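Here the structure is laid out as structure tokens; the discussion comes afterwards.
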Amino acid sequence: MIPSNIFSPGGPAARQIAAFGWLTLILFSVITLVMWLLILWVSARRRGTLTEHLPWNARDTLAMRWIFVGGLAVPAIVLTVLFALSLRTMAAFPLDGGHDEHDEHRPPAIRVTGHQWWWEVQYLRSPEDQQVTTANEIHIPVGQPIDIELVSRDVIHSFWVPQLHGKVDLVPGMINRIRIQADRAGFYGGQCAEYCGTQHAHMGLLIAAEPAAQFERWLTEQRKPATPPVEQEAGLGEQLFMDHQCSLCHTVRGTDAHGQVGPDLTHIGSRHRLAANAFPNDTAHLAAWVTHAQSLKPGSQMPSLTAFDGEQLRALVRYLQELH
Ligand code: CUA
């Protein structure tokens, strides 16, 4: 599993949020400690009855002072300071993404569309006919701010990569923005953070941050249509894919499969995980996903395809793995 700890930030936005998180955590820990010490102290040196100590019965002003200082002044100061700091942290991340001195209306690099229960990922900074569509795995160049446009096809989802940024919702009919930046190359795990139906928990994603040259190579590879299978087994697999339901729901660019329901599979073989980050992309899981999707992820749009015999299933999996 990819670690996704909010306290080990991997980019500037997450660092600001983590700093604020630490401050809040430490402050409230100190306050809790002080409160418990006061409670213990009071219990140890208890005198008189509760009635004598009721505020309106208190003879000295000391009791009132405790209430005004400890119950009113201190909380007011602490909460005001935290409120101001949280406003400042929030203002650092405008949701429209456009407050940039250099290019005010920079178009987003990537559009992420939420589906029940997976993420469609489109790379927009290419000529129209070369735009790349992939799913669940977002490659970005390391060290560069990347603007992502967030939209939804069905219900409200929430885009959350804890090591890179806070949560931003994907709302039907609205366009939201988030700007992420990864300082180090590597994988960052993400998760849908807004309950969106039965498989909400299995709506994960993966950010792959790569050095710029490697990222460009990846993008160039992704732009290419699928290469026709060379070996016979994969060829049989392709035929099965086109003749059965697969091609009705999935697109494989360069073939007759133009389905729009499920993820684009043109380069499925190059992805690390399956079914929105739920399983590793290996032979066993790929075969299991084809035949038992409804057991692995009940309620998802992917049906359990039980019509294939062993040989056909192997061919189909082989074909998918060759789609690099
Ligand atoms: Cu999508 Cu929760």
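All ligand and atom numbering here is 1-based and tracks the order in the structure. We count residues from 1, following the sequence as given. Please read these numbers as outputs of a predicted model, since none were measured by experiment.
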> N/O/S of C192 less than 2.8 Å from atom 1 (Cu) of ligand 1?
Replying inline: yes
>> How long is the straight-line distance from CG of L240 back to CZ of R318, given to the nearest 0.5 Å?
In response: 14.5 Å
>> Between H157 and atom 2 (Cu) of ligand 1, is there a contact where an N/O/S atom of the residue lies under 2.8 Å from the metal?
In response: no
> Is the backbone N or O of S300 less than 3.5 Å from a side-chain atom of Q294, with the two atoms forming a donor-acceptor pair by type?
Replying inline: yes
> For atom 1 (Cu) of ligand 1, does an N/O/S atom of M203 lie at less than 2.8 Å?
Replying inline: yes
> How about H200 and Y195: are their ring centres within less than 6.0 Å of each other?
Replying inline: yes
> Under 6.0 Å from the NE2 atom of H292, do we count more than 12 heavy atoms belonging to anything else shown?
Replying inline: no
> Out of the N/O/S atoms in H200, what is the name of the one closest to atom 2 (Cu) of ligand 1?
Replying inline: ND1
>> How about CD on Q131, more than 12 heavy atoms from neighbouring residues, nucleotides or ligands closer than 6.0 Å, or not?
In response: yes
>> For N/O/S atoms only: which one belongs to E194 and is nearest atom 2 (Cu) of ligand 1?
In response: O
